[in-house]
Protein chains: 2
Amino acid sequence: MKEGMRYTKQRLAILQQIESSSGHHDAESIYTNIRAKNLNVSRATVYRTLDMLDKNRLIRKLDVGDGRIRYESRKENDHHDHMICLETGDIIEFFDEELERIQDKIAKKHGYKVIRHSHQLFVKPIK
Amino acid sequence: MKEGMRYTKQRLAILQQIESSSGHHDAESIYTNIRAKNLNVSRATVYRTLDMLDKNRLIRKLDVGDGRIRYESRKENDHHDHMICLETGDIIEFFDEELERIQDKIAKKHGYKVIRHSHQLFVKPIK
DNA sequence: GTTGTTGCAAATACTTTGCAACTAT
DNA sequence: ATAGTTGCAAAGTATTTGCAACAAC
């Protein structure tokens, strides 16, 4: 963490919670899971901490478009995008080198550089 | 529109509002602009109508990730994605054939077909 | 001891909903 | 006439904020 920041049990618990499962966690489930372990946190702290962890690039923020923001670990810091199954709600991760390259090319053509991107495929199983 | 649906002045006003400017409108500005013309609408109707217009593919829904959903016309029904400038908030449209092709390929590889997708580049001007 | 952090409760922002009144067909 | 649509106000959901108490350094 950066200068002047403190390691509190709440922060560690939140980070652990996210790194525990390599899944896609939302604020409420993080809050509930920590409380279930009889550790004390408030929703306010969860939200504030998630924001701070994201800004410090310790976790990754993920807007699936359903009104609840998800967060995932950056431990295996392989960048990837997501495919969301419209029938089951499953979230599948994917990565494609070419896709990344094309994005940069498009931005450049317009005089911009890509800082980050959000790319989701909403899919259904074949057949 | 589909069977059993009615043309009301509210619906037409909302659709016109969106088609008036080929921009990226949010619910609140649509509501305000219609009211400014002394036409009567409620926010409830705006939200209900936007939802219905999107489902009927008369407009396109667009989640920029800032908490306010945008809607755009489908009149020139060229599909495109968006690039959002982090410095100015400008929204630039782009389309790339290859990008589309790769997305389908990726989904297929996992046993899915793409129903729709959401692809945004968050960018900054070069230099 | 100082400064960052927390918990609480209240506030905010956007969107949705129940229901009775209304209106397009 | 009747079924779809509207407006209102209340409710809902996710998130943010002010502030006094508290804990890390």
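What's counted below: heavy atoms across the whole structure, side chains too, no hydrogens, waters or symmetry copies. Chain naming here is simple, since letters A, B, ... match the order of the sequence lines and numbering starts at 1 in each.
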Can you find a side chain N or O atom of [X] that sits less than 4.0 Å from OP1 or OP2 on [N]?
X	N	value
B:Thr45	D:dG7	yes
A:Lys9	C:dT6	no
B:Thr8	C:dT23	no
B:Thr49	D:dT5	no
B:Arg43	D:dG7	no
B:Gln10	D:dG7	yes
B:Asn40	D:dG7	yes
A:Tyr47	D:dT15	yes

Quiz prompt | Aromatic plane relationship, B:His117 with B:His79 - under 30° parallel, 30 to 60° tilted, over 60° perpendicular | solution = perpendicular
Practice problem: Decide yes or no, distance alone: a donor-acceptor N/O pair under 3.5 angstrom between the base of D:dA3 and the side-chain of B:Arg6. | Solution: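 A donor-acceptor contact between them is present.
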Practice problem: Please evaluate the base of D:dG7 for a donor-acceptor partner in the side chain of B:Arg48 within a cut-off of under 3.5 Å? | Solution: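 Counting by modelled atom types and ignoring angles, a donor-acceptor contact under 3.5 Å is found here.
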Quiz prompt | Expected output: side-chain A:Arg11 to main-chain A:Arg6 donor-acceptor under 3.5 Å | solution = yes
Practice problem: Kindly say whether A:His25 contributes a backbone atom to a donor-acceptor pair with the side chain of A:Ser29 at under 3.5 angstrom? | Solution: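 Side chain of A:Ser29 to backbone of A:His25: no pair is present.
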Rounded to whole angstroms, how far apart are [atom1] on [X] and [atom2] on [N]?
X	N	atom1	atom2	value
B:Asn56	D:dT5	CG	P	10 Å
A:Asp66	D:dA14	CG	C1'	11 Å
A:Asp63	C:dC14	CG	P	15 Å
A:Asp51	C:dT5	CG	C1'	14 Å
B:Lys55	D:dG4	NZ	C1'	16 Å
B:Arg11	C:dT25	CZ	P	10 Å
B:Lys61	C:dC14	NZ	C1'	12 Å
B:Tyr71	C:dT15	OH	C1'	9 Å

Practice problem: To the nearest 0.5 angstrom, please state how far the CZ atom of B:Arg101 sits from the CG atom of A:Leu99. | Solution: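 One finds 10.5 Å between CZ of B:Arg101 and CG of A:Leu99.
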Quiz prompt | Qualifying residue, where the test is salt bridge (Lys or Arg N to Asp or Glu O under 4.0 Å) with A:Arg60 and the options are A:Glu19, A:Glu93, A:Glu72 | solution =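 With A:Arg60 as partner, A:Glu19, A:Glu93, A:Glu72 yield a single salt bridge (Lys or Arg N to Asp or Glu O under 4.0 Å), made by A:Glu72.
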Self-check item: Shortest side-chain distance from B:Ala44, nucleotide among D:dC8, C:dC14, D:dT6
Solution: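 My answer, after comparing the listed nucleotides, is D:dC8.
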